[in-house]
Amino acid sequence: MSTRIAFLKGHGTENDFVIVPDPDNAIELSPAAVAALCDRRAGIGGDGVLHVVRSAAHPEARAMAGEAEWFMDYRNSDGSVAEMCGNGVRVFARYLQRAGHVTEGDHAIATRGGVKSVHIAKDGDVTVGMGSARLPDGDVTVRVGERSWPARNVNMGNPHAVAFVSDLGHAGDLYSAPPVSPEGAYPDGVNVEFVVDRGPRHVAMRVHERGSGETRSCGTGACAVAVAAARRDGADPAVTGTPATYTVDLPGGRLVITERPDGQIEMTGPAVIVAEGEIDAEWLANALR
C-alpha cells in the first residue's frame with residue numbers, strides 16, 4: 001500500500017460518505033478499515049464508504065462491465081457490505097463528474113443491487129433510476145419501547161420496514177435497531193423507516209439504517225416510504241395508470257420520488273462533494289491494530 005491514499009468527502013441530503021477512488025481495485029478495504037475511516041472522532045467520518053472501482057476490475061461487477069464502466073462497492077459505516085445506497089449513487093455520480101469520467105446527462109452505475117441509471121442535471125440535482133420495489137408477503141411489526149406499529153415490507157434491492165406513526169419522536173433515539181417481528185423476517189437485518197404525513201403526497205421520515213444507526217437521509221428508504229404511502233393512499237401506479245410522486249422530507253433535506261405505472265422508481269435530489277485529501281496509510285495501519 002502506498003504511504004497515502006486519495007479520498008473525497010461528499011453527501012446527499014446529509015447522508016455522508018468517504019469516497020475512495022480505486023479504479024484498478026488495488027486497495028484492500030477490510031471491514032475494520034472501513035469502520036476506522038467512518039469513525040467521526042478518530043477517522044474522517046461518514047455513514048459509509050464509496051469505493052470507486054471499474055466494473056471490469058471487481059469480481060462482483062465484471063458481469064455488469066458491458067453495461068456500466070464503474071462499480072459502486074458500497075460499505076456501511078460498521079464495515080459491512082450493502083447491496084445498494086440511493087444517496088450514495090448520487091454522490092458516486094457527482095464524484096465521477098468531478099473526476100472527469102462523465103459529464104452532464106445519462107449514465108449507468110453498477111451496484112450489488114444491479115445496474116442503476118443516473119441523470120446529472122444542469123441545476124446540480126441527480127436523478128437515479130432505482131429499479132422497482134418488491135413487496136414481500138407477510139405482516140411485520142416494528143416496536144420501540146411499549147409502542148408497536150404494523151409495517152409495510154418493501155424491498156428496494158435492500159430490505160425496509162416502513163411504519164406510519166403519529167409523531168416522529170416515537171421512533172426514539174434510533175441508536176440501536178428497533179425490534180421487528182416475526183423473528184426471522186429479515187435474516188440479514190433491515191432498514192426501519194418511521195413516517196408522518198405533512199400534506200397531500202408529502203411525508204417526513206426518520207430511519208435506522210442497518211449497520212449505521214440513524215442517518216440524516218436514506219435514498220432507498222425514501223423510495224420504500226413513497227411506495228408504502230402510495231399503496232396506503234390507493235395511488236398504486238400499476239392500478240391507476242398514473243405516476244405517483246411523493247415529496248419526502250428527511251432530517252438532512254428533501255428528496256422527490258416518482259413511481260411509474262411500469263413499476264420503475266426515480267429519485268431526485270442534491271449531491272455535493274465537500275472536500276478531498278489524502279489518507280495517511282500509517283495512520284490507517286495503526287488504526288487497525
Find the distance between [atom1] ([X]) and [atom2] ([Y]) and round it off to the nearest 0.5 Å.
X      : Y      : atom1 : atom2 : value
Glu259 : Glu266 : CD    : CD    : 11.5 Å
Asn153 : Leu135 : CG    : CG    : 7.5 Å
Met156 : Cys218 : CE    : SG    : 10.0 Å
Cys85  : Asn191 : SG    : CG    : 9.5 Å
Lys9   : Phe17  : NZ    : CZ    : 10.5 Å
Tyr95  : Trp70  : OH    : CH2   : 6.5 Å

Any chance you could lay out the side chain to side chain donor-acceptor pair (under 3.5 Å) test for Asp47 and Thr215, step after step, and finish with the verdict? CA-CA 7 Å; Asp47 293 322; Thr215 58; 5.1 Å; no
With a 4.5 Å heavy-atom cut-off, do [X] and [Y] have their side chains touching?
X      : Y      : value
Phe194 : Val142 : yes
Arg75  : Val81  : yes
His107 : Leu96  : no
Val140 : Pro182 : yes
Arg260 : Pro237 : no
Asp106 : Ser117 : no
Arg90  : Val118 : no
Asp16  : Arg216 : no

Closer than 3.5 angstrom, by distance alone: can the side chain of Asp236 be matched with the main-chain N or O of Ala238 as a donor-acceptor pair? yes
A quick test of your reading: do over 12 heavy atoms of other residues, nucleotides or ligands sit less than 6.0 Å from CG of Asp39?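 Yes, because the 6.0 Å sphere around CG of Asp39 holds more than 12 heavy atoms from other groups.
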Just wondering, are more than 12 heavy atoms of other shown residues or ligands nearer than 6.0 Å to CD in Glu278? yes
Specify the closest pair of heavy atoms between [X] and [Y], including all atoms of both residues, with the distance to one decimal.
X      : Y      : answer
Pro251 : Arg206 : CG-CG, 4.5 Å
Val144 : Pro178 : CG2-CB, 4.2 Å
Ala68  : Ser55  : O-OG, 2.8 Å
Gly114 : Met64  : C-SD, 4.1 Å
Leu50  : Gly88  : CD1-O, 3.6 Å
Asn76  : Gly211 : CB-O, 4.0 Å

Decide whether [X] and [Y] are clustered together by the hydrophobic rule: side chain heavy atoms of Ile, Leu, Val, Met, Phe, Trp, Tyr closer than 4.5 Å, transitively.
X      : Y      : answer
Leu37  : Phe7   : yes
Val190 : Tyr74  : no
Ile44  : Leu8   : no
Val192 : Val162 : no
Met84  : Met205 : yes

side-chain contact (heavy atoms from CB on, under 4.5 Å), paired with Phe92, selected from Lys116, His51, Met72: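 Of all the options given, the one that passes is Met72.
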Among Val52, Val89, Val128, Val102, exactly one meets side-chain contact (heavy atoms from CB on, under 4.5 Å) together with Ile109. Which residue is that?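 Of the listed options, the one satisfying the test is Val89.
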Side chains of His202 and Asp249: donor-acceptor distance under 3.5 Å anywhere? yes
Side-chain H-bond candidate by donor/acceptor type, Asn87 with Ser217, under 3.5 Å: yes
So that I can tick it off, tell me whether Glu83 and Arg210 are bridged by a salt bridge, with the cut-off set at under 4.0 angstrom between side-chain N and carboxylate O.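 So Arg210 pairs with Glu83 through a salt bridge.
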Taking NZ, NE, NH1 and NH2 as the nitrogens, is one of them in Arg232 or Asp197 under 4.0 Å from a carboxylate oxygen of the other?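 Looking at Asp197 together with Arg232, the answer is yes, because their closest N to O distance falls below 4.0 Å.
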Assess whether side-chain contact (heavy atoms from CB on, under 4.5 Å) is satisfied between Val165 and Glu193, documenting all intermediate values. CA-CA 10 Å; Val165 300; Glu193 287 80 26; over 6 Å; no
Kindly write out the residues that satisfy ring pair (Phe, Tyr, Trp, His ring centres under 6.0 Å) with His170, not counting sequence neighbours, or none if the list is empty.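 Partners of His170 under the ring pair (Phe, Tyr, Trp, His ring centres under 6.0 Å) test: none.
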side-chain contact (heavy atoms from CB on, under 4.5 Å) between Arg201 and Thr245, worked out: CA-CA 7 Å; Arg201 299 202 180 183; Thr245 297; 5.7 Å; no
